[in-house]
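Keep in mind that the numbers below use all heavy atoms, side chains included, and drop hydrogens, waters and symmetry copies. If you're wondering where the values come from, they're calculated on a predicted model, not measured in any experiment.
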Protein chains: 2
Amino acid sequence: MPSASPTVLGALDPTSDRAVFRQIADQLREAIDKGRFKEGDKLPSEAELVEHYGVSRMTVRNSLSVLQGEGLVVSEHGKGVFVRPRPPVRRLASDRFARRHRQQGKSAFTVEAEAAGSRPEVDSLEVKEERPTQEISTRLGGPRRVLARRRRYLLDGRPVEFAVSYLPLDLASETPIAEPNPGPGGIYARLEENGHRLDHFDEEVCARMPSPQEAKTLRLAAGVPVIHLIRTAYDTEGRAVEVCDTVMAADAYVLAYQLPAT
Amino acid sequence: MPSASPTVLGALDPTSDRAVFRQIADQLREAIDKGRFKEGDKLPSEAELVEHYGVSRMTVRNSLSVLQGEGLVVSEHGKGVFVRPRPPVRRLASDRFARRHRQQGKSAFTVEAEAAGSRPEVDSLEVKEERPTQEISTRLGGPRRVLARRRRYLLDGRPVEFAVSYLPLDLASETPIAEPNPGPGGIYARLEENGHRLDHFDEEVCARMPSPQEAKTLRLAAGVPVIHLIRTAYDTEGRAVEVCDTVMAADAYVLAYQLPAT
DNA sequence: CACGGAAACTCGTATAGACGAGTAGCCCTC
DNA sequence: GAGGGCTACTCGTCTATACGAGTTTCCGTG
């Protein structure tokens with residue numbers, strides 16, 4: 001038997017100039033906000049909403065697409081429409097690249113994820129020489145070719161981040177940096193071993209909606225933006241030694257920074 | 001006479017299993033990406049696309065709503081659908097709260113905007129005592145009442161940011177901080193004058209889609225996320241003296257930070 | 001020439017119907 | 001009891017139509 005009439009929902013106001021599909025979206029949104037539908041709960045089916053409000057199915061679908069665009073719900077073909085579960089958030093601390101955090105065998109991502117009780121994975125690892133975009137080249141001081149290290153990070157099977165590191169060839173070629181696994185401490189440890197002591201990192205953060213390609217790679221639900229982070233690493237001589245271009249599922253991250261007051 | 005047939009667009013592949021509305025969205029997206037439609041350009045009207053592809057209007061609208069959700073286009077009632085103009089971006093530097101940047105009369109926002117050739121405004125200014133949310137209270141060390149300073153920032157008439165500062169009453173009451181205009185250098189200058197020398201700021205950054213209220217306040221187009229930034233200011237004794245909760249139009253900002261390598 | 005208004009064009013909202021495809025549960029068969 | 005298939009339910013895609021409302025254009029009137 002189908003579930004009972006959605007009693008948590010009210011009636012439409014025919015005198016309002018607010019469009020019917022917006023009124024329906026408002027009521028569903030309010031019910032979600034007030035916890036009458038909780039994370040992962042199934043919303044009334046389209047057919048039930050059609051019945052309850054006495055409107056056509058396209059109107060109901062329009063309402064639901066509003067909520068999808070807001071990132072409140074996700075729909076699953078053949079199953080229903082569900083309140084979007086909020087995954088555990090990964091917090092990136094401002095000291096995450098401090099030397100003391102460089103691990104002996106595992107990557108920082110792996111260690112941190114396991115400490116948080118998640119199952120970390122890295123896939124799509126690809127290391128190759130290529131011609132950089134104008135922007136990457138400029139940030140690195142103008143090289144015409146660079147080493148690019150691409151990889152995707154997953155937590156508990158869910159992709160959360162896709163990153164590409166670019167390094168000048170003279171720092172990376174014929175070193176472990178050009179290998180898929182650069183060894184303990186990662187590429188920053190290798191750079192320092194080779195005489196490029198790191199001084200600081202610049203990060204630029206912006207947020208936007210994903211391209212279809214990014215949405216696919218990160219398996220993003222509708223209404224989930226990405227955080228685009230571009231980090232440049234500088235050595236003590238002021239040379240840019242690495243640029244890392246990262247696209248993160250925005251619902252999986254909080255970035256933390258510390259700013260000086262001086 | 002209506003504009004000519006949209007020759008920049010191709011034909012549908014009836015053998016593809018990709019939905020028709022996705023194929024149309026793909027072609028429009030590609031045309032935009034390749035610059036055949038530039039920022040602010042008007043796309044072919046729905047009627048023209050119906051004509052060109054030989055599909056129903058709802059299918060065309062479905063395609064356009066995909067592109068809206070990606071933030072690529074905006075539609076204007078009675079005018080058409082346009083490639084979304086990318087506004088000038090405001091870059092927030094990591095030293096933006098350094099003492100040397102505190103201005104003598106105007107606010108940091110005003111000075112910086114004028115330097116960039118924009119016309120800055122601040123409105124919706126509201127200062128009042130209130131009971132903080134659990135989260136704000138915790139960050140401030142547990143006060144039961146706080147002073148809240150709300151304001152909205154605009155550049156060239158466009159709202160870009162809405163911010164609320166919360167301060168413990170014992171630091172703010174009966175000082176210029178409780179006035180709409182706290183005077184030169186802003187509330188940080190006043191706090192330091194009153195013996196609370198600032199030591200550092202913690203910032204937490206996340207991104208998400210706006211609530212309908214936020215979309216309205218910031219006049220956000222569909223497909224534009226917000227950056228949610230929570231900053232806590234600490235004095236040299238380690239006390240949290242202010243929490244600033246800021247929601248920014250993501251397409252108007254790039255945040256820049258500097259991280260130590262040590 | 002200036003103004004007003006009609007016409008044509010734009011997107012917004014809503015209806016009714018049809019078929020397809022993914023999922024889950026039930027029942028019947030073996 | 002296990003397996004397979006049917007059925008009911010879910011959302012996905014698409015058509016055709018109608019009217020409303022905001023914008024632009026242009027023309028005719030004064």
Separation of atom CG in L12(B) from atom P in dT13(D), rounded to whole Å: 15 Å

Of all heavy-atom pairs linking R208(B) and H228(B), the shortest is NH2-ND1, 3.1 Å

Run the salt-bridge test on E203(A) and R96(A) with the 4.0 Å N-O cut-off and return the result as yes or no. yes

Nucleotide by nucleotide, nucleotides 14-22 of chain C touches protein heavy atoms under 4.0 Å in the pattern (B base, S sugar-phosphate only, - none) BBB-B-BBB

Could you identify which residues of residues 64-76 of chain A place a heavy atom less than 4.0 Å from some atom of DNA chain C, listed by residue number, or say none? none

In whole angstroms, how far is the P atom of dC11(C) from the CG atom of L49(B)? 8 Å

Side-chain H-bond candidate by donor/acceptor type, S165(B) with R151(B), under 3.5 Å: yes

Sequence neighbours excluded, the answer for ring pair (Phe, Tyr, Trp, His ring centres under 6.0 Å) partners of F21(B) is none

Interatomic distance where CG belongs to L43(B) and C1' belongs to dC9(C) [whole Å]: 16 Å

Strictly below 4.0 Å: does R61(B) bring a side-chain N or O up to OP1 or OP2 of dG12(C)? yes

To the nearest 0.5 Å, what is the distance between CD (E48(A)) and CG (L9(A))? 10.0 Å

Identify all pairs in which a protein N or O lies below 3.5 Å from an N or O of nucleotides 5-8 of chain C, and state each distance.
none

Just checking R131(A): does its CZ atom have more than 12 heavy atoms from other residues, nucleotides or ligands closer to it than 6.0 angstrom? no

Minimal heavy-atom distance between V160(A) and L218(A), with the atoms involved, is C-CD2, 3.8 Å

Enter the distance from E121(A):CD to R158(A):CZ here, rounded to the nearest 0.5 Å. 13.5 Å

Can you list every pair that meets salt bridge (charged side-chain N to carboxylate O under 4.0 Å, His left out) and has a residue in residues 72-87 of chain A, with sequence neighbours left out? E76(A)-K79(A), R84(A)-D251(A)

Residues of residues 217-225 of chain A with any non-hydrogen atom less than 4.0 angstrom from an atom of DNA chain D: list those, numerically ordered, please. none

Protein-nucleotide distance (E46(B), atom CD; dT23(D), atom P), rounded to Å: 16 Å

Grab the two heavy atoms, one from F37(A) and one from P44(A), that are nearest each other, plus how far apart they are. CZ-CD, 3.6 Å

Would you tell me whether Q213(B) and T217(B) have side-chain atoms, one donor and one acceptor, within less than 3.5 Å of each other? yes

Can you check the D17(B) CG to dG12(D) P distance for me, whole Å? 17 Å

How many whole angstroms separate atom OH of Y53(B) from atom C1' of dC14(D)? 17 Å

How long is the gap from CZ on R139(A) to CD1 on I230(A), to the nearest 0.5 Å? 4.5 Å

Without decimals, in angstroms, what is the distance between Q23(A) CD and dT13(C) P? 12 Å

Taking the six-membered ring for Trp, are Y257(A) and Y257(B) parallel (under 30°), tilted (30 to 60°) or perpendicular (over 60°)? parallel

